[in-house]
Each structure stands twice: as C-alpha cells, then as structure tokens.
K.L.:
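To start, I am sharing the structure in question, which I have written as structure tokens.
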Number of protein chains: 2
Amino acid sequence: MKSDQPKLTSSVGKRLAQRRQGVTLADVARIAKVSEITVSRVLRRQGAIAESTRERVLDAVQHVGYVPNRLAGGLASSGSKLVGVIVPSLTNIVFPEVLDGIRSALADTGFQAVIGVSDYDLNTEEELVASLLAWRPEAMVIAGVEHTPVARAMLEGSGVRIAEIMEIDSQPIDLAVGHSHRQAGYDTGRYLIDKGYRRFGYVGHDWTADRRAQLRHDGLVMALAEAGLELIDRSLHDGPSSTASGRSVLAALLSRQSALDVVVFSNDDMATGGVFHCMSAGIVPKVDLGLFGFNGLDIGQALPTPLSTLRSNRFLTGRTAIEMLLRQRDRPMQPEIIDTGYQILPGATA
Amino acid sequence: MKSDQPKLTSSVGKRLAQRRQGVTLADVARIAKVSEITVSRVLRRQGAIAESTRERVLDAVQHVGYVPNRLAGGLASSGSKLVGVIVPSLTNIVFPEVLDGIRSALADTGFQAVIGVSDYDLNTEEELVASLLAWRPEAMVIAGVEHTPVARAMLEGSGVRIAEIMEIDSQPIDLAVGHSHRQAGYDTGRYLIDKGYRRFGYVGHDWTADRRAQLRHDGLVMALAEAGLELIDRSLHDGPSSTASGRSVLAALLSRQSALDVVVFSNDDMATGGVFHCMSAGIVPKVDLGLFGFNGLDIGQALPTPLSTLRSNRFLTGRTAIEMLLRQRDRPMQPEIIDTGYQILPGATA
DNA sequence: CTGTTAGCGCTTTCAG
DNA sequence: CTGAAAGCGCTAACAG
C-alpha cells in the first residue's frame, strides 16, 4: 500500500519512515526551496506571492501529497474554523434537515461542523457541550433552550457565539432561531375550531424528552379554552414518535372514545400512523374524523389524503442560524430572536 | 454576560482580559500550585497522582472553568481522537441511521465523529476527504467504494484505517462493511419468481448518483434472465428517491404498461409512494399488483399493507465499521470484507 | 515579495 | 509521585 505512493525525495522519505506521521510544511518548504511561511501563505492564498514561487510550492505540495494539519493551524492562529452542533436525535428526520441547512450555509466558508447527538438527554448534552467546546469552535448551534446549569455556564463562558434553535419560547443566551411552539399549537387549535371542529382528541409521544411537543399541546389547549372547549381525551405513547405508535395509539384512543370529531397529533410521524389506522379501519379522514399533524414532512404530503398540518422550516432554521452566527463574531448586547415561522398546509385530513 | 462567570484569581482574570482566549493549563497549574504536566496527568487520569494534589487540581479546574484545548492536545500527542465520516446525504434516512450506529460505537471511547456530506458528488467527496484528513482523524468511514483517483490516493496515503461502507461488491482499500447490492437485487428476483410473478416492471430513481440502486437493478435482471424472463418495462425518476416521485412514476409506468404483475422499486421510499398510488387508484397490492421495495424502513412496515422488502442493517453497518476500525489501528495485510447482510420482510404487498 | 523569530497550549520524554 | 525541557506543525508579527 505504502509503496503505491508517489516516490518522494529521499530525505523526506526517510523522515516519513521514521515518523509514521504525515508530510509537513517543512518538507514542502525544503523541496520548493522557500521558507515555511511562504508555503503557508500560498496554501492560504494570503499575501502577495510571485507566480513562479507559487507554482513551485504547489508542485511540491502535489509531489509529496501534503495535507495541512488543521490541529496545528488552528492552534497557531487560534481559529479552528469549526462550528459545534448539538441535536437531540438523528433518526427523527427533522434534525438531519436542520443539519442540511447548516451544511448549506457552511459550504464554501471553510468551516466544518462537528456534530453531537444528545439523545434527548440533558446530561449527555452537557458532556457534549464540554467536549465540543474543547475543539475551540468559533460558533455553536444547539437545539432547544433548556440546558443544565453547568452546560449553560460553559456556553455563556465560552465567549463564542451560540445559536439555540428550533424554539423561541424562552429567552436565549445569545441568539434563538426557530418558531414558537406554543403559538403553533395555538394556531392549530384556532384553525380547527374555525373549521367547525369541536370535539378534540390528542395523540402524542413522550413529553419528558420532547418539551417542544408539550409546548404545542399547551398552546392547543389554550386555544380550546378561549373557545370554551377542552380536550375530550388524549393518549400518549411512552417513547419517541413513530408512524407505528401513531397508528396504535390512535386505535387505542378511538376504542375508548368514539365521540371525537378531530384528533391532533404531536407531529407528522404520529399523524401519518393515524391516517394509516383510518385506512385500515375504514375511517374516512376529514369526513369521519379530522386529523392534524405538525412539521409538514414530505411523507405526510405524499399520502393519498395529504395530511393537514403545520410546516416548520427546518432547513431555513439551520441555515439562518449559521448565517447569523458567521455574520458577526461578537455576541450582541441583547439576545436576538429570529422567527423562521411556519405555514398551515390545509391538506385533506382536516 | 462575562460578569456572570465565577470570580477568578486576579492574575488569571487579568490574563483572560488580555487574551480573550480561554483559561489554559498554566492557569490551573498556578492556582493548584503544581506544574502543568501534573494538571495534564490528573485530567487524563494517567500516571499515579497523590489523592491530595488530585483534589487540589480538580478544585482549581472547577474554579476557573477550565476547558481543555483539544487542538493543542491533539497536536502534542499526535492523536486527535477524531473519526472522519463521509456520507452522500442526510435527507435519505438510511444515512442518519448509519451515523447513529457510528455514534453508538463511539460513545464512551472519547472519540468524536466529524461528518461530511458529499451530496452524491465524487468531486465534493474528494474535497471532503482532503478537509477531513486535515483534522488528522485516527480512522475514516466513507460510504461507497467509488472515489476519484485523487481521493483514493489520499485515503490510501493517509495511513489511517479506512472503512468503506454500505457496499461490498468491489474490493475495498482496507475494510468494507455492508452487503452486496447485486446479490440483494438477485435475491429479490428469485423471491418474486418463486412467488409466481412473471411480468416484472421496475420503478427507480437517478442511477448516476446512486450506483448501489443500479447494482440491485442489475442483480434483479440477472435473476430474471436465469429464469428466462426479462423486465417488461421500467421508469426512472430523474432525481433523488422520494415518496412523491415513487407515486407519480408508478402511475406513469402503469398508464403505458398494464400487463405487469409485479413492480420492483429502487427502494422503500419509492415503493411507499407506489403503495400510495395503488390506494388512490383502487389497485389492491399483491392481489392486483405485487410491489417490492428495498431497505426495510419503518414507514414501509407501518403501512396498512406492510411493504414486501429487503431489510438492510444500517445501524449495524455503522456500528461494526467503527468497532473494527478501533479494534486494530494498523491496516490488515489483506483488505477485509464484512457482510452485515439483509433479511427478506415478506410484508403484504408481494 | 520573502524570511526570521516567537509562540499557540498541550504532551512527551527524561530526571529525580 | 512530581517536574523541567523540548517539541508537535503551524501562523502572527515584524522585519527587510
């Protein structure tokens, strides 16, 4: 394998054999017969370099297959070109979508994201904050505004810019990007009440892990209360949201409570499962029973009866967070909040 | 904000004010009245340390809120505790699932994954290889076995262990973990032929981006040929797979070709869309038309008629890749291949 | 346009 | 059990 590499100047070859390490700037400099800093400048396109030396350096780089060492570069320049990102999950598709927005904003900036997954656990999140901060990121994106006191202290104390995303219902440390979940729940209630629904049921998943789902629920209940209504019944799945559980939990709810005219789900995964249950049970969505989700996932819109739901803008949220963070390296005097909003997708199930 | 931090010894406070940088080992050492190396040892639990000094150091760390600098640590020890990972996409759920397997294998090892997304583009992948290698990862995981010559050379030359995952149909650089897509396609064909299907159609997505889908297709055609059969018709969507396109492309195929008794889809996303089309068009899966997917996604199994498909083991693939890589730091003499296999899920659509 | 001199913050020797 | 000295590979800050 090693022998497949291009042949190197013997001195470099020897050093490599001894070190097992990679080629360094010094190696390139020696071959190009310039100083290390000149190589460094060429590679970073910084400062004026004579075209002839530039070529010589680039040739040398090619020749020895030099790959810069960012650990060293970051240390020397105290600028890691890293952004730390913490999300609760990868299996819930909304988070990969946020990451995709982050990726798109980071493209061509030279920044790399280092991603941590907290698994909806605040203590895990705290550990991740510490370990990501150890990479000296130049900014940090973290889902949610709820953190352990220690995690919060580390984030505040780090001095780097922090975007707390997906939620703007509380005051952020520095910047919040997302939308109000309480308001989304409230708007869901208003929309359905306006449609004439009166007998509300709710199908949800584990709240202790997903407080944003709870905020939406609370907003919904608030809208109902204002209209003199209340949730007639609700059923919660003890675990993360999924199509399968949406299906079974709706079945359970309906088996004990037949008087509902609409069911609001904690999100589209659950609601899609609900639609599947209806299909199996011969219940016609909207006609026999209204169903309403949250997120506006593609899958829900591709259903034979497209899901009535609220679309949140995950990609935009990720993208905006990064754009804001990179725009200004110092924290603002006042915490800032950016609402990326949501839209009602009327669909065909409510 | 800054003033909310715990009060620091005045000397440290002054240095911080000057540097805007974080607290360093030296600061902790001064406060604990030990040398830097002792602090370092305590933090890395390395070498014997008197319990009393250990406590003194830990107190100091707490007091000043010290966060180690991994750039410096990695540089000094030439060990980054980083694993580079490159996947083609985050929006196709199978990749987040692989990442989750990687994450689970990395948990409690002290390693961090740095993730790059190639967007199914080999040139982008090449850039990612270079930029991830610059972080001096101790191992690298990359989806697929197809790379640009330059990317391949960098991977080989890096000396670090490389796992090429999701595909074992070609010879890997170092280690391959996944399953044979050609074989999966072949087995799909055998399974359906044994079921009595004879008139095959195919609905797929963009092959240029997803060569594993093409391999499955080729395997399918091979099985058909062995049985003296051939694909009667096929329709390809010019873009990534999605439920929506599976739906419309099946509709298009059926509108021009009514003699099919089974349609094989490039994956479960497409197949789920196909099932949705059938629901809308009054076609009864399995009875009127067989449908077969690939991946074994949850959504397919939660359908009113669970999808007949092949389940690939994404989580296991990610997890196994990391376990193998961390088990042995040197590349094996011979490239190694690990088959994480797949299972037929009979379902109810074929 | 190019080079010299000092580190960045930590860990690896090697001593004691 | 603890420390002093010497870098890791690169870049900032000055020269020239």
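Given the structure is predicted, the values throughout are model-derived calculations rather than measurements. Each chain gets a letter, A, B and so on, in the order its sequence line appears, and its residues count up from 1.
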K.L.:
For the helix from C/dC1-D/dG16 to C/dG16-D/dC1, figure out the bend between the end axes, five pairs an end, and round to 10 degrees.
P.N.:
20°
K.L.:
List, one per line, each side-chain donor-acceptor pair under 3.5 Å for residues 114-123 of chain B, sequence neighbours excluded.
P.N.:
residue: B/Ser118; atom: OG; partner: B/Tyr120; partner atom: N; Å: 3.3
residue: B/Asp121; atom: OD2; partner: B/Asn123; partner atom: N; Å: 3.0
residue: B/Asp121; atom: OD2; partner: B/Thr124; partner atom: N; Å: 2.7
residue: B/Asp121; atom: OD2; partner: B/Thr124; partner atom: OG1; Å: 3.0

K.L.:
Strictly by side chain to side chain donor-acceptor pair (under 3.5 Å), give each pair with a member in residues 141-151 of chain A just once, sequence neighbours left out.
P.N.:
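Non-adjacent pairs meeting side chain to side chain donor-acceptor pair (under 3.5 Å): A/Glu125-A/His147, A/Glu126-A/Thr148, A/His147-A/Glu164.
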K.L.:
Let me know the distance between CZ of A/Arg30 and P of D/dC10, rounded to the nearest Å.
P.N.:
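It works out to 12 Å between those atoms.
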K.L.:
A/Leu25 CG to D/dC8 P: how many Å, rounded?
P.N.:
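The answer, rounded to whole Å, is 13 Å.
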K.L.:
Just jot down the salt bridge (charged side-chain N to carboxylate O under 4.0 Å, His left out) partners of B/Arg56, sequence neighbours excluded, or say none.
P.N.:
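Applying salt bridge (charged side-chain N to carboxylate O under 4.0 Å, His left out) to B/Arg56 gives none.
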K.L.:
Suppose we screen for side-chain hydrogen bond (donor to acceptor under 3.5 Å, both in side chains). Which residues come up paired with A/Arg54, at least two apart in sequence or across chains?
P.N.:
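Testing A/Arg54 for side-chain hydrogen bond (donor to acceptor under 3.5 Å, both in side chains), a comparison that skips the adjacent residues, returns A/Glu51.
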K.L.:
Using only side-chain N and O atoms of A/Arg44, determine if any of them is under 4.0 Å from OP1 or OP2 of D/dA12.
P.N.:
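True: A/Arg44 side-chain N/O within range (under 4.0 Å) of D/dA12 OP1/OP2.
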K.L.:
Is there a side-chain contact between B/Ser170 and B/Val145, using heavy atoms and a 4.5 Å cut-off?
P.N.:
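B/Ser170 vs B/Val145: side chains touch.
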K.L.:
Give each protein N/O atom lying under 3.5 Å from an N/O atom of nucleotides 1-4 of chain C, with the pair distance.
P.N.:
residue: C/dT2; atom: OP1; partner: A/Thr53; partner atom: OG1; Å: 3.3
residue: C/dT2; atom: OP2; partner: A/Ala50; partner atom: N; Å: 3.0
residue: C/dT2; atom: OP2; partner: A/Thr53; partner atom: OG1; Å: 3.0
residue: C/dG3; atom: OP2; partner: A/Ser35; partner atom: N; Å: 3.0
residue: C/dG3; atom: OP2; partner: A/Ser35; partner atom: OG; Å: 3.1
residue: C/dG3; atom: OP2; partner: A/Thr38; partner atom: OG1; Å: 2.8
residue: C/dG3; atom: N7; partner: A/Arg41; partner atom: NH1; Å: 3.1
residue: C/dG3; atom: O6; partner: A/Arg41; partner atom: NH2; Å: 2.4

K.L.:
Checking A/Arg70 now: which residues fulfil salt bridge (charged side-chain N to carboxylate O under 4.0 Å, His left out) with it, not counting sequence neighbours?
P.N.:
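Scan of A/Arg70 (salt bridge (charged side-chain N to carboxylate O under 4.0 Å, His left out), adjacent residues dropped) gives none.
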K.L.:
Ignoring backbone atoms, establish whether A/Ser40 has a side-chain N or O less than 4.0 Å from OP1 or OP2 of D/dT11.
P.N.:
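Yes.
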K.L.:
Could you work out, with salt bridge (charged side-chain N to carboxylate O under 4.0 Å, His left out) as the rule, every residue matching B/Glu323, not counting sequence neighbours?
P.N.:
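In terms of salt bridge (charged side-chain N to carboxylate O under 4.0 Å, His left out), with neighbours along the sequence ignored, B/Glu323 is linked to B/Arg319.
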K.L.:
Could I get the full list of salt bridge (charged side-chain N to carboxylate O under 4.0 Å, His left out) partners for B/Arg152, not counting sequence neighbours?
P.N.:
none
